[in-house]
Structures are given as C-alpha cells and as structure tokens.
Amino acid sequence: MSELVHRDTTDGVATITLDSPANRNALSAQLRRELIDHLDTALADDAVRMIVLTHTGTVFCAGMDLKESKGQSAGQQGVTEVPRILETIWTSPKPILARLTGPARAGGLGLVAACDFAVAANTATFAFTEVWLGLVPAVISVTVLPRLLPRAAHELFLTGETFDAARAATIGLINRAVPTDEVDAEISRYLDMLRRGAPGALAGVKDLLRRERPSSMSDDFAQMNALSADFFASTEGQEGIRAFAEKRCPTWVYRDDSLFSALTTPKST
C-alpha cells in the first residue's frame, strides 16, 4: 500500500504533504494514521523549527472519507484520531503553516483552523457542508470557532454555503488569500519571519495565546510579569540581549549580521 502522507525536512522546515488525490485528500483511516505519525516525528525532531502542511492534487482536503464512514458505527468513525490530529497541530510548540492551492471542505477546515498560519490561493473555496449530509461540524468546531467571527460561524455552519478565500481571510479562517503563483512566496515570507524568533520564545508565545485569562486583572498582570521575567532570564533571552548589544544575529538566526542590524536600527526620517 503506497504512502498517503509524505514528510520532507529542509533547512529546519518539515513539509508534510497530503498525497491522496484520488479521494481529494479525504481523511481516510490510512491518511489519519500516517498524518499522526509524521506530525509526531516532526515535533520530536530537534532539527525541525517549523512545519508546513500542504497537499498534492487540486483539493487540499475534502474532510472525512465518506466511503469509509458508510455503514460504520459511532465507534468506527475516527472519533479518536481526528481530535488527536487537531490537538497535536493546535498545541504544537513549533509553528505550523497550512498551504492551500485548492478547496477545503468540512474536516479539512479543521486542519486549516488548527494551524497557526494559513495561506490559500485566491481561487480556493471553503464550505462547512456537514448539515447537507445530516451531520454536525462538532469535532472541528473546537479549532474553527476560536478563529471565526461569531456571525460568520452561525451563517456558514447552518447554511453550508461555499465561500471564497477572500472571505475566509476576512472572517479569520486564513491569514492571506493570494494568487496561486504567489502562495509559495507568501509561505516563504512567513517562514523567514519565524526564523528570526527563538524556538523557546515561539513556543512560549503559543502557550500565551492558548491560555485562559484570570478573571482578575491584577492576577493576570502578576502571572504575565512572572512569565516575562522568566524569559528575560532564560538562555535565549540573555543571548538575544547580548546579540542586540553586539549588533549581531542571535545564535538561532542563520542570517548575516547586517540584516539583524537593519531590523533593530530605527530608520531616520
């Protein structure tokens, strides 16, 4: 049986590719298992700084494999694997970027929403089609609803209407909608910016963005003050401060010192 998900690591970036175009990269049992394995391997690899989730064929992901789901009981519907995939992406300490040059439907939108960044071709389309099939977008709502504007979520979940990439960006589902021939350049732009960040600091920011805020502002400030102090005193924090003073790149940035100087020196007006 040929592999349905591939992984390639180059220059600190693990590219995980859904490669099941015959069924529009639907989340079949085999694809789910392989995607989990490749995500776990990439996250455990110290050489990997960032992950790009992409696809072959004309469709990013059509959601669950309905041919497999036909006639299956509730316990056979991938109810443990899909949450595992979405939670792994959502809680990854390493930034994960979704790269779409084709449509996403139903469960595929859960993958898109779970990623930290999503760049789509402006020809890509999206739809929560579950209600048309007598289903509910329950599992994917855990990652989708934090991204979407509430009015848009109500409208699109209830109607199943197809919407374009421009609207997907407007309502918060994706970051950018660009011409197809500019998708890779936009992904590269995000990767270049992320390379400037310290790995530990990026993981810390992801934790910060996921945390629930205390009801008391004073408690919130106390927690954030302690967190900030920890990072100032951390190995990465001290290296970043030294690098700034010495006008050089910190050790985690593989770039010329001249670029770091340009980034940190205010321009005269």
Side-chain angles (χ1 to χ4, degrees), residues 1-65 67-68 78 81-126 140 143 165 168 173-192 194-195:
M1 186 178 295
S2 60
E3 187 180 59
L4 299 183
V5 183
H6 313 303
R7 185 185 74 259
D8 174 71
T9 300
T10 305
D11 295 332
V13 179
T15 300
I16 297 177
T17 304
L18 308 182
D19 186 19
S20 183
N23 70 346
R24 303 190 304 159
N25 290 318
L27 298 170
S28 64
Q30 181 187 345
L31 187 144
R32 297 194 304 266
R33 289 193 302 269
E34 292 180 9
L35 180 53
I36 289 171
D37 288 343
H38 284 304
L39 285 168
D40 286 347
T41 300
L43 290 173
D45 186 351
D46 291 338
V48 173
R49 296 270 300 272
M50 295 151 286
I51 299 170
V52 174
L53 180 62
T54 186
H55 64 103
T56 63
T58 59
V59 176
F60 173 73
C61 178
M64 292 296 290
D65 189 326
K67 289 183 179 179
E68 285 189 350
E81 292 166 331
V82 174
R84 165 82 149 72
I85 291 168
L86 297 181
E87 185 172 5
T88 297
I89 295 172
W90 185 270
T91 61
S92 162
K94 303 175 182 182
I96 301 184
L97 301 83
R99 173 193 174 277
L100 298 81
T101 57
R105 295 289 186 271
L109 296 181
L111 296 177
V112 173
C115 293
D116 301 291
F117 301 87
V119 176
N122 53 20
T123 54
T125 60
F126 306 83
I140 66 168
T143 59
L173 180 63
I174 65 174
N175 295 83
R176 295 276 288 163
V178 299
T180 302
D181 60 0
E182 296 179 17
V183 169
D184 288 333
E186 189 65 9
I187 289 289
S188 294
R189 187 178 74 88
Y190 278 116
L191 292 174
D192 286 344
L194 289 167
R195 285 189 177 96

Exercise for the section: To the nearest 0.5 angstrom, please state how far the CG atom of Leu109 sits from the OG1 atom of Thr143. Expected result: 9.0 Å
Exercise for the section: With side-chain contact (heavy atoms from CB on, under 4.5 Å) as the test, would you mind laying out the steps for Phe117 and Leu194 before giving the verdict? Expected result: CA-CA 11 Å; Phe117 301 87; Leu194 289 167; 3.9 Å; yes
Practice task
Please determine if Asp65 and Arg24 form a salt bridge, counting it only when a charged side-chain N lies under 4.0 Å from a carboxylate O.
Solution key: no
Exercise for the section: Report the distance from atom OG of Ser92 to atom CG of Leu39, rounding to the nearest 0.5 Å. Expected result: 8.0 Å
Exercise for the section: Could you walk me through whether Leu43 and Ile51 pass the side-chain contact (heavy atoms from CB on, under 4.5 Å) test, one step at a time? Expected result: CA-CA 9 Å; Leu43 290 173; Ile51 299 170; 3.8 Å; yes
Fill in the blank from the handout: Smallest heavy-atom separation, Asp40 atom then Arg84 atom, equals OD2-NH2, 2.8 Å
Handout entry: Arg189 with Glu186: basic N within carboxylate O range, under 4.0 Å
Key = yes
Practice task
Please report the closest heavy-atom contact between Pro95 and Asp116, naming both atoms and the distance.
Solution key: CA-OD2, 3.3 Å
Handout entry: Qualifying residues under side chain to side chain donor-acceptor pair (under 3.5 Å), relative to Asp45, sequence neighbours excluded
Key = none
Problem - Basic-acidic side-chain contact under 4.0 Å: Arg99, Asp184 - result: yes
Problem - Side chains of Ile96 and Met50 in contact at under 4.5 Å (non-hydrogen atoms) - result: no
Problem - Side chain His38, main chain Val5, donor-acceptor under 3.5 Å - result: yes
Practice task
Drop me the distance from Glu3's CD to Asp37's CG, to the nearest 0.5 angstrom.
Solution key: 9.5 Å
Exercise for the section: Please examine the side chains of Arg49 and Leu191, heavy atoms only from C-beta on, and report whether any two atoms are closer than 4.5 Å. Expected result: no
Handout entry: Closest approach of Ala124 to Ala120 (non-hydrogen atoms, all atoms of both residues)
Key = CB-CB, 4.3 Å
Handout entry: 4.5 Å side-chain heavy-atom contact, Asn23 and Lys67
Key = no
Problem - With Thr91 via side chain to side chain contact (heavy atoms under 4.5 Å, CB included) - residues at least two apart - result: Glu87, Arg210
Problem - Pairwise side-chain contact, Pro21 with Val59, heavy-atom cut-off 4.5 Å (strictly under) - result: no
Problem - Candidate pair Leu27 and Leu111, rule side-chain contact (heavy atoms from CB on, under 4.5 Å), full reasoning - result: CA-CA 10 Å; Leu27 298 170; Leu111 296 177; 4.2 Å; yes
Practice task
Please examine the side chains of Ile16 and Thr54, heavy atoms only from C-beta on, and report whether any two atoms are closer than 4.5 Å.
Solution key: no
Handout entry: Val119 and Val178, any side-chain heavy atoms less than 4.5 Å apart
Key = yes
Exercise for the section: Identify the residue among Arg32, Arg33, Glu34 that makes a side chain to side chain contact (heavy atoms under 4.5 Å, CB included) with Leu4. Expected result: Glu34
Exercise for the section: Assess whether atom CG of Asp11 is packed by more than 12 heavy atoms of other residues, nucleotides or ligands within 6.0 Å. Expected result: no
Exercise for the section: For the pair His55 and Phe60, name the ring-plane relationship: parallel under 30°, tilted 30 to 60°, perpendicular over 60°. Expected result: perpendicular
Handout entry: Backbone of Thr56 reached by a side-chain donor or acceptor of Asn25 within 3.5 Å
Key = yes
Problem - Nearest-0.5 Å distance that lies between atom CZ in Phe126 and atom CG in Leu100 - result: 5.5 Å
Problem - Audit row: Thr17, Arg7, side-chain hydrogen bond (donor to acceptor under 3.5 Å, both in side chains) steps and yes/no - result: CA-CA 6 Å; Thr17 304; Arg7 185 185 74 259; over 6 Å; no
Exercise for the section: To the nearest 0.5 Å, tell me how far Ile174 CD1 sits from Cys115 SG. Expected result: 12.0 Å
Handout entry: salt bridge (Lys or Arg N to Asp or Glu O under 4.0 Å) assessment of Arg195 paired with Asp192
Key = CA-CA 5 Å; Arg195 285 189 177 96; Asp192 286 344; 3.1 Å; yes
Exercise for the section: For Thr123 and Thr180, run side-chain contact (heavy atoms from CB on, under 4.5 Å): C-alpha distance rounded to whole Å, both residues' side-chain angles, the deciding distance at 0.1 Å, then the answer. Expected result: CA-CA 7 Å; Thr123 54; Thr180 302; 3.6 Å; yes
Handout entry: Where Pro103 and Thr58 come nearest, the two heavy atoms and their spacing
Key = CD-O, 3.0 Å
Exercise for the section: Determine whether Leu97 and Leu53 make a side-chain contact, defined as any pair of heavy atoms from C-beta on separated by less than 4.5 Å. Expected result: no
Practice task
Kindly say whether Ala118 contributes a backbone atom to a donor-acceptor pair with the side chain of Asn175 at under 3.5 angstrom?
Solution key: yes
Practice task
Check whether any side-chain N or O of Gln30 sits under 3.5 Å from a backbone N or O of Ser2 as a donor-acceptor pair, and report yes or no.
Solution key: yes
Exercise for the section: Measure the shortest side-chain to side-chain distance between Val13 and Val48 over non-hydrogen atoms and say whether it is less than 4.5 angstrom. Expected result: no
